[in-house]
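Structure, as structure tokens:
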Amino acid sequence: MATYTTTAAAAGSSTAVMEMHDIQAPHSKLEAQPVPDSESASPQEDPSSPPPTATEVQQRWNYPKSNVPKIAACFWSFVVMGANDAAYGALIHYIEQYYNLTYTIVSLIFLSPFVGYTASALLNNVLHGTVGQRGVAGIASGCHMLAYIIVNRHSPPYPVMVVAFMIAGFGNGLADAAWNAWVGNLDRANEMLGFLHGFYGLGAVLSPLIATNMVANAKLPWYTFYYIMIGLAGLEIFTSVAGFWTSTAAAYHASIARQHGDAEGPRGSLREALVTRPSARVTWLCALFLLGYVGIEVALGGWIVVFMIQVRQGAEFASGMTAMGFWLGITVGRVVLGFVTPRLGEKLAISIYLPIVMGLELLFWLVPQFIVSAVAVGLQGFFLGPLFPAAIVAMSKLLPRHLHVGAIGFAAAFGGSGAAVLPFAVGAIAQAKGVQVLQPIILALLGVILLLWFGLPNRFNGKKRE
């Protein structure tokens with residue numbers, strides 16, 4: 001009997017073990033290993049101590065079985081994040097009136113999470129190494145709960161609400177970075193990330209729908225919506241901590257050590273990903289790409305209601321439904337195009353999707369009809385949807401495994417800060433020039449991120465990691 005060992009096609013993947021017997025190696029990737037006399041030992045050995053003849057295979061969403069509650073926890077966390085981000089756009093019109101604010105001041109709602117996202121980008125790698133994924137899960141979901149409790153305290157003073165959204169931004173940044181990095185290393189990453197971000201879109205679809213009905217139709221105060229967010233965050237705490245309960249700091253170090261062949265633990269660091277070539281090129285290009293993409297996504301979703309009311313002269317409820325249509329487009333696009341993107345190759349696929357979005361943006365801008373604008377923005381969401389997952393997959397293919405948590409975490413959190421900075425910038429400019437400036441700003445940003453995407457290396461295009 002001969003025993004062989006092989007590595008998974010995706011060297012950057014999370015791993016599990018299995019044995020392969022009596023298999024003839026047709027390629028040089030399979031190396032024969034000598035079989036000790038004790039090979040016939042009982043198969044009921046401790047599974048936590050794989051034999052030297054073990055083979056590392058890429059994890060799937062349902063293999064090992066402990067991944068099932070983990071993937072469910074990631075999906076629910078993204079529902080909460082989507083509901084959090086989309087609520088700003090649905091409620092900003094009412095918050096502006098409630099506090100009697102200018103566009104610039106009310107836009108601090110978008111800017112405030114930037115502090116949280118920045119902190120999470122810097123601390124994500126450190127937290128993984130000190131408290132593990134279990135600790136990250138508890139901190140991220142706990143930040144959501146704390147922020148929503150503060151906001152729901154019968155409309156706190158506006159500065160207090162801004163601080164609360166900083167806390168929510170820190171929770172979003174941690175969860176965004178951690179779960180993108182983990183899911184991005186599973187088998188069929190494009191599809192799995194498509195579903196993950198599809199759940200973000202699901203939360204973003206339901207949030208403006210519920211908030212608009214509560215405020216515009218039921219005439220409830222805007223802050224009562226956060227009763228619902230408290231419930232969602234409570235479930236997130238339970239699912240996240242329970243799902244990743246065994247994912248301690250020690251387990252994280254052991255996983256990286258197995259992948260990197262370093263018994264002493266992971267050698268990767270955020271500094272290595274940011275300053276060492278060629279990894280730094282990939283990390284910074286993807287981080288800037290995600291900064292622009294998330295900024296476009298949240299600026300459109302956040303200001304579309306105000307734009308449709310004031311520029312397209314739409315009714316409040318119909319304008320709120322336009323925001324829902326945009327997020328619905330993102331959700332459907334992430335799921336549907338998640339199966340198309342890997343077949344085209346990430347580089348080519350996104351190079352096709354972005355010009356289509358730019359054409360739809362021109363239609364939205366130049367045809368001053370409410371229905372045309374509503375349809376155009378929904379289709380924009382559809383083709384924008386797969387951009388974030390594709391960038392994460394690109395990073396997982398281009399970067400070594402030991403840099404994934406640091407680099408992908410930084411890029412995701414840095415990109416998330418675009419949800420704060422760019423919508424705030426739109427609001428500040430709109431204060432001086434009117435909310436109609438939304439369209440040329442979005443078109444220019446689309447051109448910028450297209451150029452950034454062209455700057456990425458080509459070798460991952462349509463290929464699996466090797």
*Is there a side chain to side chain contact (heavy atoms under 4.5 Å, CB included) between I350 and F289 once you walk through the steps?*
CA-CA 12 Å; I350 303 309; F289 176 85; 4.2 Å; yes
*Could you please spell out the steps behind the side chain to side chain contact (heavy atoms under 4.5 Å, CB included) verdict for M161 and F165?*
CA-CA 6 Å; M161 192 168 68; F165 287 137; 3.6 Å; yes
*Between R134 and Y252, is a side chain to side chain contact (heavy atoms under 4.5 Å, CB included) present by the stated rule, with each step listed?*
CA-CA 10 Å; R134 179 174 69 186; Y252 168 72; over 6 Å; no
*Audit row: K347, W453, side chain to side chain contact (heavy atoms under 4.5 Å, CB included) steps and yes/no*: CA-CA 8 Å; K347 190 69 178 288; W453 187 254; 3.7 Å; yes
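Listed for the T212 side chain is no donor-acceptor partner under 3.5 Å among the backbone atoms of L209. The backbone N or O of Y117 sits less than 3.5 Å from a side-chain atom of S120, completing a donor-acceptor pair. Here the side chain of S77 pairs no donor or acceptor atom with the backbone of C74 at under 3.5 angstrom. For N67 (side chain) and Y63 (main-chain N/O), a donor-acceptor pair under 3.5 Å exists by modelled atom type. Side-chain N or O atoms of S112 include one that pairs as donor or acceptor with a backbone N or O of I109 at under 3.5 Å. Side-chain atoms of R281 come within 3.5 Å of backbone atoms of G455 as a donor-acceptor pair (strictly under, hydrogens ignored). The main-chain N or O of L202 is found under 3.5 Å from a side-chain atom of T331 such that the two form a donor-acceptor pair. Put simply, the side chain of D176 never gets that close to the backbone of N172: no donor and acceptor are under 3.5 Å apart.
At least one side-chain heavy atom of W179 sits less than 4.5 Å from a side-chain heavy atom of F244. Considering only heavy atoms from C-beta on, D85 stays 4.5 Å or farther from E297 through its side chain. Residues I392 and L290 form a side-chain contact, since some pair of their non-hydrogen atoms from C-beta on lies under 4.5 Å apart. Using a 4.5 Å cut-off on side-chain heavy atoms (C-beta onward), Q59 and N185 make no contact. When side chains are defined from C-beta on, I92 counts as touching W303, because their heavy atoms get closer than 4.5 Å. For the pair L354/I449, a side-chain contact is recorded, criterion being any heavy-atom separation below 4.5 Å from C-beta on. Between L446 and L384, the closest side-chain pair of non-hydrogen atoms falls below 4.5 Å. A heavy-atom distance below 4.5 Å is not found between the side chains of C143 and L174.
Partner of F307 under the ring pair (Phe, Tyr, Trp, His ring centres under 6.0 Å) criterion, out of W365, F326, F364: F364 alone.
Atoms CD1 and CG, on I442 and L422 in that order, are 8.0 Å from each other to the nearest 0.5 Å.
Heavy-atom neighbours of F339 CZ from other residues, nucleotides or ligands within 6.0 Å: above the threshold of 12.
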Listing, residues 407-415 side-chain donor-acceptor contacts under 3.5 Å, not counting sequence neighbours, or none:
none

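Aromatic ring centroids of F195 and W61 lie 6.0 Å or more apart. Ring centers of F75 and F199: under 6.0 Å apart, within the cut-off.
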